[in-house]
Amino acid sequence: MKKKHPSRQPEAINVTDNTAPIKQTIEPDDRLTRAKSMAPLRQMLAFLWPHKSRLIAAGIALIFTAGANLTLGYGVRILIDEGFSGADASGLYQAVSFILFVGIAIAIGSMTRFYLVSWLGERVSADLRSAVFNNLVHLQPSYFETNHSGEIMSRLTTDTTLLQTLIGSSVSLAVRSALTLSGALILMVITNLQLSLVILIAVPVTLIPILIFGRRVRKLSSKSQQSIAEVGSRAGEIFQSIKVVQSFNREIAEKTGFAQDVERAFVIARSRVWQRALLTGFAIVLLMGGMISMMWSGGIDVIEGRMTGGELGAFVFYAVMVGTSFATLAEVWGDLQRAAGASERLMELLQESNTIPDSGSSAIASGQCLHFDAVQFFYPSRPDIPALNGFNLTIQPGESVALVGPSGAGKSTVFELVLRFYDPAKGAIEFGGTDLRALSLTAWRQKIALVPQQPALFSGDILYNIAYGADSPTQASVETAAQMAHAHDFITALPEGYRSDLGAQGVRLSGGQRQRLALARAILVNPELLLLDEATSALDTESEWHVQQALTEIMQGRTTIIIAHRLSTVMNADKIVVMNEGQVVDSGRHEDLIRRCDLYQRLASRQFQSGAEGGATGNAS
């Protein structure tokens, strides 16, 4: 799956005009323009087969209902020939009783069929959503960097809903119509062969628009689903950055851009609906033409005594069933085209595999050194520019190591590789002499806790967020971790304390409060390896001092790697590693580096000068 969100290329516009829309271009996607087969739908059988008992029961109910519908033709025949033409009401009574009995049978069969197929639709849709999510949650983070979350969510919701409708309704209608069509044709031939030939000629002719328009519907359906996904992706992006949008007064521009995306999706959907309308209309017109010819010929036969009125009535009844069945099949064929596109998009997600293999089985000992051996790494989006190049570093157990350097030096990349979000292109990262690729990925990450510069919080309460990475934590252990992170006081001041809901991404807390919760989460896990991406960057001076005291205690006895944006926070680290252009420039204590490392001196002088002039510490990275 490739990134589909329309790129935004600015034209030469007046920078003071906040309402000027940004020009958008859409790159063509070959997958959307070529015809697709129905093969992805066949893959859905794997989700139906576990529920084969209900599937068989639904099939029996469906066959029973279709058979009961066909027997109504016999009821029409005896109603006309015996009920309306008899000397007394006995024939009418028998005919009406027979039709009533068949009607009750149809009601019971339809009720059973509807429940079972609807259950199957809901069940398969739920299983499919779970299967797609279960696969996605194990994919490497780079996958989500190149694919919009909004589009993925569209596939999980809109596309699975399409398949739910298909399985829970459309397929049942298609099978019932096919059975009714077959049975009605057979009974028509038995009733009157000559009239049947008229209908049999009309049926193949009706297939022509189904084949022609069906292919167009399939291609337009895929485009329509893609355009809807792009609309959802854009809306999600805007809402996620709503403060930036409003701060730059971009509401009108974003409304204009969103309206253009919505209109584009509408135009594609309108084309799809028009093709489906043409498909249904042509099929019905052709069938009605055949039925009119049949009724004219049959009426002449009744007038001339070659068949009874009841036989003609039954024949017309069967012909109507053929016509309605074909109309239903034409409609369902359009649904199948849409579902084929949806299932293909879902199968793409199911077939995505993690590029970070988890095949290691070596035992992971504790208290080992972490060693980077001539590591070279390129990000997939920049395959020609090394993020790390010949990177060598050894971190002893229990040692605190700070990574400093200018922006783009490769500091964050070290974290990415330690967590095995990526693997090195060359070289190796070893723990206790064992390549990380030979270790169980799950077991290795259990030894690590990450506190990012921008903390990630989830919808839910504070207790859930702090306890997120721990196994069976207690209320007391959560509160202890919060106290160590200096978060307990502000938590207890909230109306519901640890049960206070944070909102989406912790929007109800300040930046410093969110950072302290992230720190408490890491403390609770009690990791052997602690990764701190300037964990105190969002705290005020007093809170920073308290958290630094807590970190000093927490870091005792565990390996800690710190990405330092402010040198003042890492001056007491056991080792400071100066990085530039993906390589280690120098390493040592602060006192040594300030004397011998030109880059470190430059970073330090800029920060201290900025602090003296502005009363605040500048960024080192």
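Predicted model only: the values in this text are computed from it and were never measured. We're numbering straight along the sequence, starting at 1.
For Gln601 (side chain) and Leu599 (main-chain N/O), no donor-acceptor pair under 3.5 Å exists by modelled atom type. Remark: side-chain polar atoms of Gln376 are not paired, donor with acceptor, to backbone N or O of Pro424 under 3.5 angstrom. Side-chain atoms of Arg516 do not come within 3.5 Å of backbone N or O of Ala485 as any donor-acceptor pair. In this structure a side-chain-to-backbone donor-acceptor pair under 3.5 Å is present from Gln583 to Asn389. Panel note: side chain Thr480, backbone Ala476; a donor-acceptor pair is recorded below 3.5 Å.
A salt bridge is defined here as a Lys NZ or Arg NE, NH1 or NH2 lying under 4.0 Å from an Asp or Glu carboxylate O, and Arg602 with Asp598 fails to meet this definition. A salt bridge does not link Asp423 with Arg437: every distance from a Lys NZ or Arg NE/NH1/NH2 to an Asp or Glu carboxylate oxygen is 4.0 Å or more.
Under the 4.5 Å side-chain criterion, counting only non-hydrogen atoms from C-beta, Asp373 is in contact with Asn392. By the 4.5 Å heavy-atom criterion applied to side chains, Val585 and Tyr600 are not counted as neighbours. Using a 4.5 Å heavy-atom cutoff, the side chains of Phe415 and Asp533 are in contact. Residues Ile395 and Leu529 have side chains not in contact (no heavy-atom distance under 4.5 Å, counting atoms from C-beta outward). Side-chain contact between Leu494 and Glu496: absent, with no pair of heavy atoms (C-beta onward) separated by less than 4.5 Å. A heavy-atom distance below 4.5 Å is found between the side chains of Pro357 and Arg420. Side-chain contact between Ile448 and Pro527: absent, with no pair of heavy atoms (C-beta onward) separated by less than 4.5 Å. Residues Met579 and Leu388 have side chains in contact (heavy-atom distance under 4.5 Å, counting atoms from C-beta outward).
Here Phe458 pairs with Tyr468 under the ring pair (Phe, Tyr, Trp, His ring centres under 6.0 Å) rule; sequence neighbours left out.
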- In sequence, state the C-alpha distance, the side-chain angles, and the governing distance for Tyr422 and Tyr379, and then conclude on ring pair (Phe, Tyr, Trp, His ring centres under 6.0 Å). CA-CA 9 Å; Tyr422 301 93; Tyr379 281 103; 5.4 Å; yes
- Query: Going through the checks in order, is the side-chain hydrogen bond (donor to acceptor under 3.5 Å, both in side chains) test met by Glu479 and Gln483?
  - Reply: CA-CA 6 Å; Glu479 292 184 8; Gln483 289 170 351; 5.1 Å; no
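Across all their heavy atoms, Gly398 and Asp574 have their closest contact at O-OD2, 4.0 Å. Taking all atoms of both residues into account, the shortest heavy-atom contact from Val478 to Pro473 is CG2-CB, 4.2 Å. Nearest approach of Arg129 to Leu156, heavy atoms of both residues: NE-O, 2.9 Å. Across Phe421 and Gln140, no two heavy atoms sit closer than the pair O-CB, 4.1 Å. Closest heavy-atom contact between Asn135 and Leu350: ND2-O, 3.4 Å. Scanning both residues, Ala481 and Ala520, for their nearest heavy atoms gives CB-O, 3.5 Å.
With a 6.0 Å radius and a threshold of 12 heavy atoms from other residues, nucleotides or ligands, Glu581 has its CD atom at or below the threshold. Asn134 CG: more than 12 foreign heavy atoms inside a 6.0 Å radius. Residue Arg596 places its CZ atom among more than 12 non-hydrogen atoms of other residues, nucleotides or ligands, all under 6.0 Å distant.
His51 and Asp127 share a donor-acceptor pair across their side chains, judged by distance under 3.5 Å alone.
Of the residues listed (Arg445, Arg558, Lys447), the one engaging Glu528 in a salt bridge (Lys or Arg N to Asp or Glu O under 4.0 Å) is Lys447, and it is the only one.
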